[in-house]
> 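Encoded as structure tokens, here's the structure I'll be asking about.
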Amino acid sequence: MSNTRRRVGVLALQGDFREHLAALRACEVEGVPIRLATDLEAVDALILPGGESTTMAHLMEPALKQSIQQRAAAGMPVLGTCAGMILMAREVQDGRPDQETLKLIDIGVRRNAYGRQIDSFEADVTSAAIGGPAPAVFIRAPQLTGRAADVEELARHGDQTVAVKQGNRLALAFHPELTPDRRWHQYFLSLNGERR
Amino acid sequence: MNDRKGTWKVKAGLAEMLKGGVIMDVVTAEQARIAEDAGAVAVMALERVPADIRREGGVARMSDPGLITAIIEAVTIPVMAKCRIGHFVEAQILESLGVDYIDESEVLTPADEEHHINKHVFKVPFVCGCRDLGEALRRITEGAAMIRTKGEAGTGNVVEAVRHMRAVTSAIRKLHGAGPEELVMEAKRIGAPADLLEETARLGRLPVVNFAAGGIATPADAALMMQLGCDGIFVGSGIFKAENPSARAKAIVAATTYFDRPDILADASKSLGKAMRGLEIGAIPQEELLAGRGW
């Protein structure tokens with residue numbers, strides 16, 4: 001796999017963006033924290049980290065939201081983990097009635113679907129995309145409620161789809177960034193980008 | 001399925017997800033909704049905010065489970081609750097309610113003057129207060145998966161929070177370049193486990209997430225604590241004892257994200273109404289200071 005991305009943005013409004021920036025460093029790619037729309041101009045791809053999706057949606061200025069949507073529509077690769085997956089989803093259940101998402105991938109999700117924190121867990125998740133099992137951390141994780149026909153399932157855990165891809169947009173219900181295994185980040189970095 | 005619940009990674013991991021966020025004290029379901037609307041990453045459910053505990057006196061205990069359940073049902077964000085230092089049965093009750101994080105807190109009246117709770121035996125994670133590095137590492141070795149500096153709760157005065165955060169960060173800075181035998185001596189001197197002190201020295205920070213707490217009342221206070229190196233903010237009395245809680249809550253959330261942008265902080269600090277009145281630490285009788293509880 002070749003790392004063609006030069007600079008990868010990580011949404012840094014709230015959450016575990018530091019861990020994603022460290023994962024990018026481990027992949028020898030420059031990570032750039034993104035808080036304002038102007039920050040996005042400097043990057044070729046974007047990661048939406050774990051955290052509280054309601055807080056991140058609240059803090060995202062309209063101009064940043066719009067830029068992310070425009071760049072993603074033009075083909076910018078996007079990875080979302082946990083809260084990031086919720087932000088990418090077209091529909092959210094058991095969220096707040098006014099919970100606005102970026103609608104970057106045609107999936108529905110249910111927030112906190114595994115239960116409360118005592119039901120959070122670690123497991124090994126197998127995917128052909130990364131060539132076998134990898135450790136995954138599920139923290140108050142969302143579950144998929146539905147997906148469009150062109151949304152590809154990359155991994156299952158039990159009876160749940162936990163990793164999906166549509167075009168070059170990748171959404172994971174878990175946190176690869178909390179483990180030392182970098183294969184999910186490598187896989188994301190191998191996805192083709194937009195022509196700029 | 002090989003699901004492993006209640007592991008250290010899962011406990012410390014939730015704290016990682018709260019970073020860069022604000023955790024707000026709430027005493028009703030309605031306040032919890034205001035906090036969530038304002039962008040809180042979690043709420044702390046309790047019967048009285050620290051300012052009222054301080055004023056009314058008496059023994060402060062775990063909150064009514066009915067109130068905690070009502071708050072859990074009102075919001076989608078994590079809900080924390082406090083138990084007394086050493087009161088492991090209050091902690092068992094909070095765990096059974098489905099609370100997402102337990103704060104073993106000096107704000108409540110300690111139940112045990114020698115022992116903190118053995119937090120390793122719980123599936124639910126714990127956050128504990130500290131005034132310095134030794135205290136932080138003692139709590140982590142007992143199983144705390146998140147630390148907050150104590151500050152002086154219920155005062156609306158940030159000076160103690162600053163003192164405790166500076167104590168932790170400067171003690172960590174001093175570890176830089178220390179050899180193994182020096183670390184062993186330092187561990188002994190500050191009463192910390194040597195392995196955790198070594199890990200702290202290697203990381204250049206605490207091995208778990210560290211929030212600031214106790215006296216934060218304005219957006220500038222929150223940004224100050226973030227610039228001093230904390231990972232996020234607890235606001236107790238500072239929001240719902242202020243004139244306009246909703247506006248102040250939103251402003252403190254913005255200030256925690258844009259802590260290094262004075263232009264955005266200036267904008268967030270405008271027209272918030274009166275902050276809570278606040279107390280001079282020197283005016284509080286020594287025996288009424290909360291930070292001295294725990295060891």
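What you are looking at is a predicted structure, and each value in this text was computed from that prediction instead of being measured. Chain letters run A, B, ... following the sequence lines, proteins first and then strands; every chain starts at 1.
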> Answer yes when B:Arg33 and B:Glu36 have at least one side-chain N-carboxylate O distance shorter than 4.0 Å, and no when they do not.
no
> Under a 4.5 Å heavy-atom cut-off, does chain A meet the side chain of B:Ala40, its backbone, both or neither?
backbone
> Ignoring hydrogens and geometry beyond distance, is a side-chain donor-acceptor pair present between B:Asp260 and B:Gln227 at under 3.5 Å?
no
> Please classify the contact between A:Glu61 and chain B as side chain, backbone, both or neither, with a heavy-atom cut-off of under 4.5 Å.
neither
> A:Ile139 versus chain B, heavy atoms under 4.5 Å apart: side chain, backbone, both or neither?
side chain
> Does a donor on one side chain sit under 3.5 Å from an acceptor on the other, for B:Thr7 and A:Glu122?
yes
> Using a strict threshold of under 4.0 Å (side-chain N to carboxylate O), is an ion pair present between A:Arg90 and A:Asp106?
yes
> What distance separates B:Ile71 CD1 from B:Thr28 OG1, expressed to the nearest 0.5 Å?
6.5 Å
> Taking the six-membered ring for Trp and the single ring otherwise, decide whether the centroids of A:Phe138 and A:His157 are under 6.0 Å apart.
yes
> Salt bridge or not between B:Arg139 and B:Glu104? Use side-chain N to carboxylate O under 4.0 Å.
no
> Contact part of B:Val79 toward chain A, heavy-atom cut-off under 4.5 Å: side chain, backbone, both or neither?
both
> I'd like to know which of B:Met17, B:Lys9, B:Lys5, B:Glu16 tops the heavy-atom pair count under 4.5 Å against chain A.
B:Met17
> If we ignore hydrogens and angles and just use 3.5 Å, is the side chain of A:Arg111 paired with the main-chain N or O of A:Ser53 as donor and acceptor?
no
> What part of A:Arg35 is in contact with chain B, defined as an atom under 4.5 angstrom from a non-hydrogen atom: side chain, backbone, both or neither?
both
> Among A:Ser120, A:Gly50, A:Gly115, A:Ala136, which has the most heavy-atom pairs under 4.5 Å with chain B?
A:Ser120
> Sort B:Tyr101 into side chain, backbone, both or neither according to what part of it lies under 4.5 angstrom from a heavy atom of chain A.
neither
> Chain A: which of B:Arg205, B:Lys11, B:Lys123 shares the most heavy-atom pairs with it under 4.5 Å?
B:Arg205
> At a heavy-atom distance under 4.5 Å, which candidate from A:His175, A:Glu19, A:Arg18 has the highest pair count against chain B?
A:Arg18
> Please classify the contact between B:Ala38 and chain A as side chain, backbone, both or neither, with a heavy-atom cut-off of under 4.5 Å.
backbone
> Output the option from B:Pro125, B:Gly232, B:Gly6 having the highest count of non-hydrogen pairs under 4.5 Å with chain A.
B:Pro125
> Non-hydrogen atoms of chain B under 4.5 Å away: do they reach the side chain of A:Thr54, the backbone, both or neither?
side chain
> Check for a donor-acceptor pair, side chain of A:Arg116 on one end and backbone N or O of B:Gly98 on the other, with a separation under 3.5 Å.
yes
> Looking at chain A, which one of B:Leu18, B:Ile77, B:Val124 has the largest number of heavy-atom pairs inside 4.5 Å, strictly under?
B:Ile77
